[in-house]
Amino acid sequence: MSLATTQSIAEIRARNKELIEEVLKVYPEKTAKRRAKHLNVHQAGKSDCGVKSNIKSIPGVMTIRGCAYAGSKGVVWGPIKDMVHISHGPVGCGQYSWGSRRNYYVGTTGIDSFVTLQFTSDFQEKDIVFGGDKKLVKILDEIQELFPLNNGITIQSECPIGLIGDDIEAVSRAKSKEYGGKTIVPVRCEGFRGVSQSLGHHIANDAVRDWIFDQLESDGKSKFEPTPYDVAIIGDYNIGGDAWSSRILLEEMGLRVIAQWSGDGSLAELEATPKAKLNILHCYRSMNYISRHMEEKFGIPWCEYNFFGPSKIAESLRKIAGYFDDKIKEGAERVIEKYQPLVSAVIAKYRPRLEGKTVMLYVGGLRPRHVIGAYEDLGMEVIGTGYEFGHNDDYQRTAQHYVKDSTLIYDDVNGYEFERFVEKLQPDLVGSGIKEKYVFQKMGVPFRQMHSWDYSGPYHGYDGFAIFARDMDMAINSPVWKKTKAPWKEASRAKLLAAE
Amino acid sequence: MAQSAEHVLDHLELFRGPEYQEMLAKKKIFENPRDPAEVERIKEWTKTAEYREKNFAREALAVNPAKACQPLGAVFASVGFEGTLPFVHGSQGCVAYYRSHLSRHFKEPSSCVSSSMTEDAAVFGGLNNMTDGLANSYNMYKPKMIAVSTTCMAEVIGDDLNAFIKTSKEKGSVPADFDVPFAHTPAFVGSHVTGYDNALKGILEHFWDGKAGTAPKLERKQNGAINIIGGFDGYTVGNLREIKRILALMGIQHTILADNSEVFDTPTDGEFRMYDGGTTLEDAANAVHAKATISMQQWCTEKTLPFVADHGQDIVSFNYPVGLSATDDFIVALSRISGKEIPEQLARERGRLVDAIADSSAHIHGKKFAIYGDPDLCYGLAAFLLELGAEPTHVLSTNGSKAWHEKMQMLLASSPFGQGCQAYPGRDLWHMRSLLFTEPVDFLIGNTYGKYLERDTGTPLIRIGFPIFDRHHHHRSPLWGYQGGLNVLVKILDKVFDEMDKKTNVLGETDYSFDIIR
């Protein structure tokens, strides 16, 4: 299907440039100028991808982005399982984000765990007019009474909170005092703040700093003895169990994981993290802020890693081990060796079916770059990628470590652009989100959701790679894609061609 | 290591293995977990009457509400018009949520744009966002109409849609005569059914009442046609197609207003249809001349129907008609209004539904049900259950009003099977959890979120409602018409029989009742 393999780099570059020009023609002049800065063809050797990023989306274009609330409640805070997260404001935000991110956890839901419950203050007109603080006070009391085993509460602000002048910080302080120092965290993640989910991640990170770390008593609350091998997994949301299939590798190499941020995480784990010897950071975008803070305040080094696909996993295991002694370094080698037969078998089975297939990605967080290695391990090629809410440091990492020369880059792509790009480049697979899935499948293009793993997963770690390979194969090689044209319509087209 | 290339294990099985179980057990010490005995004690306490009382005394907190916010309904209604792009003025994250929500239910694309307002717009208002946004949408997506609604952000700061659209047109965002109907849809008032109502009224007002002062109001010249309004409905694809089939059978000239049955069910044939089907703009305008308008869902059209009546039409409303009597009423009303005879074909379809009920009602008779969902859906399903001799013991609608409550209680009081049954307006699924523990029923009817109640209380869930995320394609089958009634009956029966089999399948213990004929 793909055209890419038969063309030279120069040809591809020219084609991609032309494609960008063509797409920009649809816009009013002002918009074309603005969008032009977000689209580029990557040039090998450059330090970034040559696109502007983390800039306001343009009205009316059908951006795929979400908001700060989605970044805080949906991504960072929501997975902390033993705390109650209140979607503070009208009912919708909490409703639409209820249970949809697949942050797996183990717990007794509704009793000591609350991830898949939808707590909301369900604002009515009177709350907007008279303010919602009184209601919030009552809500905190009601949570304490009906969910007595919660270990803390966060208040996730929706748009109106910041507009009507509520003082959720004052309410939080007063109620925390009343409940004997209970952790109550106000988060100012109103959806209109910033340009995407990204600011919500930052605000959520800052809330951990201010309302958890800064409140820690010097002796801490954790009940375990530190060891020299304690690490924290930062920026893994345990989607479909990703953090678990990562944790198992770290423990097998001799490390001890004392906290997961934030998939299957708990308040105690957040509080104990300052005891870690190393913070290992998967989703740089959403949790670099707190990692940097812990480095400055507690002197904990952090290192980025990538657990997608065997090449990157091995590289990452060695990188992490590099922070520790020979025992751990040997542990890393042992783990790599242990899983080699699985890796070889997966590649032997799936690579022949996927070799040379092309992929276009458009995702958030770390995935527009992090999954490229996994595709390449299967012999596939990523010919276009872009970030929903990346910053320039994401595009730098992408350019320096991941994408090939002449890859099409699209930042904050919108429905129109993405359709045109896919239509022209005809990839064998598109990896993006639920809003894109059915658009491309209608066009006859195989698709995998790369936010939710299309209800599969985990994709992290060696166990996850086997699932990843299976899923990409079943998407691309599903017999249904050969059946999208009615036979009588295909026949008539063939006849027409023959007659020409 | 359990994983293998030969037999790939995913999350369903992978974590059950000893390696992962051991790992998860060891993780516990870092979680500072509660004492398991205490967890057990609280778990049992939440099942008690005492807990129920405290739970029902809640005044401020909502837990697992069964409703969404207004703009979702506005988007749903807007895409029911030909070539129409919904444009939601306010924060952009909301639109990402509506699109995801609709796509997860219908397994279809859902197109909608936002004016992407941020902090500066919160301070200065969103006029520039509207002006730029309309121009971009118009150029990129070539719509025939852009239907504007609002998020709560725009409502809190008080943006004036009428003025903004007028100004945008003056600035050339879209041609002066391009249709841009609008509706204010604050999320802190009502629910998604209110948003449906407001958006539909906004569109009709636009076409009928002079396009925001830019055209003469339409003068009504009554014809014999009937307008049909489906309301917010997860089964819109199946239901509207069934209604159209019935209207065609009866030979009734009609317009379906907000007909989104095509756009939420487009084929996979190599082409993405951003717009498909829908009420044509011409038909939307001409709908003013109809003899009458029928709303299939009263509480989805509380403002639209009076607006239509004010234009001189007869109005009739139903409450999500499901089953025999409700469908009878609907068909008879169609005949009465149109003067058309009811064809024999429909009598035969009716007879088949009666036949099916007679064949199977012994398995449903006397069974207790809990139902939750949108107000009309709850009413329609409860009425059908009463007709089947079942008892709709708990009927809960988070977005049900006082008026809904009264009407529901009247319905329950009207049947011997409704005695002792209760309607609960404004309550949520955490209330329902208490009801199911303290006054158990045989079956629960609700949307996907009901699976949490099924897990906690053991009440088998029959999935009817919106959203249904975890079962596929049911929205394509109607619940309306006699055929739809049959579909609902079969859904219920399948669950009844599955449960019977589950309770009788223990070898050598209970399997004497594991009958092959039921």
Side-chain angles (χ1 to χ4, degrees), chain A residues 26 28 31 56-57 59-63 65-67 70 90-92 95-96 106 108 111-112 118-120 122-125 128 135 138-139 142 145 149 159-160 163 191-192 224 240-241 248 258 266 268-269 342 345-346 349 416 434-435 438-439 441-444 456-457 463 466-467 470 484, chain B residues 3 5 8 10-11 14-15 20 23-24 29-32 34 39 42-43 54-55 58-65 67-69 91-93 96-97 99-101 103-104 108-109 113 115-119 122 129 132-137 139-140 152-153 156-157 187-189 268-270 272:
Chain A
V26 76
T31 308
K56 270 197 278 189
S57 299
V61 299
M62 209 176 313
T63 176
R65 282 174 168 176
C67 64
V91 69
Q95 205 70 6
Y96 308 125
V106 178
T108 308
I111 310 300
D112 68 354
Q118 206 289 69
F119 291 88
T120 176
D122 187 12
F123 262 34
Q124 301 301 303
E125 194 146 29
I128 301 287
K135 189 172 201 180
K138 203 175 258 182
I139 282 171
E142 289 176 355
E145 182 170 34
L149 299 187
C159 287
L163 299 171
F192 61 81
F224 61 86
I248 203 162
I258 62 165
S266 55
E269 289 168 72
L342 172 66
V346 168
K349 180 173 175 183
Y416 177 86
I434 183 68
K435 304 191 289 298
Y438 302 107
V439 170
Q441 290 189 175
K442 301 281 179 197
M443 289 163 63
S456 174
D463 286 345
I467 305 165
R470 178 199 70 179
T484 56
Chain B
Q3 190 62 290
V8 175
D10 60 23
H11 60 93
L14 182 65
F15 304 124
Y20 279 101
M23 180 191 88
L24 290 171
I29 60 160
F30 303 104
E31 295 177 357
N32 197 12
R34 298 284 183 165
V39 172
I42 296 295
K43 193 171 101 184
K54 287 179 190 293
N55 192 11
R58 259 191 286 145
E59 289 175 353
L61 172 69
V63 185
N64 299 354
K67 67 171 180 181
C69 67
S91 299
Q92 72 193 14
Y97 278 144
R99 295 179 64 205
S100 302
H101 209 64
S103 283
R104 286 177 179 137
E108 292 288 320
V113 296
S115 67
S116 294
M117 286 166 68
T118 54
E119 278 121 323
N129 299 69
D132 291 350
L134 287 178
N136 287 326
S137 299
N139 281 292
M140 294 170 75
C152 56
M153 179 211 183
V156 171
I157 66 173
F188 44 82
V189 176
T268 285
D269 60 359
F272 162 52

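Computed from a prediction, not measured in an experiment: that's the story for all the values here. Residue numbers begin at 1 in each chain, while the letters A, B, ... track the order of the sequences.
In this structure, chain A has heavy atoms under 4.5 Å from both the backbone and the side chain of B/Val8. The contact between A/Asp112 and chain B is made entirely by side chain atoms (from C-beta outward), counting heavy-atom distances below 4.5 Å. For B/Ser137, the parts lying near chain A are the backbone and the side chain together; criterion is any non-hydrogen pair under 4.5 Å. In this structure, chain B has heavy atoms under 4.5 Å from both the backbone and the side chain of A/Arg65. Looking at A/Lys349, only its side chain comes within 4.5 Å of chain B, counting heavy atoms on both sides. Contacts of A/Cys159 with chain B are made by side-chain atoms alone, with heavy-atom separations under 4.5 Å and no backbone atom involved. When heavy atoms are compared at a cutoff of 4.5 Å, A/Thr484 approaches chain B by way of both its backbone and its side chain.
Contact between A/Ala268 and B/Asn32 at its shortest, heavy atoms only, is CB-CB, 3.3 Å. The nearest pair of heavy atoms linking A/Gly66 to B/Ala96 is CA-CB, 4.2 Å. Here the shortest heavy-atom pairing between A/Val26 and B/Met140 reads CG2-CA, 3.8 Å. Pairing each heavy atom of A/Ile434 with each of B/Ser100, the nearest pair is CG2-OG, 3.6 Å.
Interface summary for chain B: among A/Ser456, A/Ala70, A/Gly191, A/Ala345, the most heavy-atom pairs under 4.5 angstrom belong to A/Ser456. Taking chain B as the reference chain and counting heavy-atom pairs below 4.5 Å, the highest number among A/Val346, A/Val61, A/Thr108, A/Thr63 is found for A/Val61. Chain A forms the most heavy-atom pairs under 4.5 Å with one residue out of B/Met153, B/Glu59, B/Gln92, and that residue is B/Gln92. Interface summary for chain B: among A/Ile248, A/Thr31, A/Leu163, the most heavy-atom pairs under 4.5 angstrom belong to A/Ile248. Per-residue heavy-atom pair counts under 4.5 Å with chain A were compared for B/Ala122, B/Ala135, B/Ala68, and the maximum is reached by B/Ala68. In terms of non-hydrogen atom pairs under 4.5 Å with chain B, the most contact-rich of A/Glu142, A/Met443, A/Glu269, A/Arg470 is A/Glu142. Of the listed residues (B/Ile157, B/Asp132, B/Leu134), the one with the most heavy-atom contacts under 4.5 Å to chain A is B/Asp132. Your options are A/Leu342, A/Leu149, A/Ile139, and the one with the most heavy-atom pairs under 4.5 Å with chain B is A/Leu149. No other option in B/Gly93, B/Cys69, B/Ala60 has as many heavy-atom pairs under 4.5 Å with chain A as B/Ala60. Heavy-atom pairs under 4.5 Å with chain B peak, among A/Lys435, A/Gln441, A/Lys138, at A/Lys435.
Looking at heavy atoms from C-beta onward, B/Arg34 lies out of side-chain contact with A/Ile111 at the 4.5 angstrom threshold. Put simply, the side chain of B/Arg99 reaches to within 4.5 Å of the side chain of A/Met62, judged on heavy atoms. In this structure the side chain of A/Ile467 never reaches within 4.5 angstrom of the side chain of B/His11, judged on heavy atoms. Side chains of B/Ser116 and A/Ser57 form a contact here, defined as non-hydrogen atoms less than 4.5 Å apart.
The backbone N or O of B/Ala62 lies less than 3.5 Å from no partner atom in the side chain of A/Thr120, so there is not a single donor-acceptor pair. Counting only distance, with no hydrogens or angles, the side chain of A/Gln95 and the backbone of B/Pro65 share a donor-acceptor pair below 3.5 Å.
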Evaluation steps, side chain to side chain contact (heavy atoms under 4.5 Å, CB included), between A/Asp122 and B/Lys67: CA-CA 10 Å; A/Asp122 187 12; B/Lys67 67 171 180 181; 2.9 Å; yes

Criterion side chain to side chain contact (heavy atoms under 4.5 Å, CB included) on A/Val106 and B/Phe15, from CA distance to verdict: CA-CA 11 Å; A/Val106 178; B/Phe15 304 124; over 6 Å; no

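Going from atom OH of A/Tyr416 over to atom CG of B/Asn139 covers 10.0 Å, rounded to the nearest 0.5 Å.
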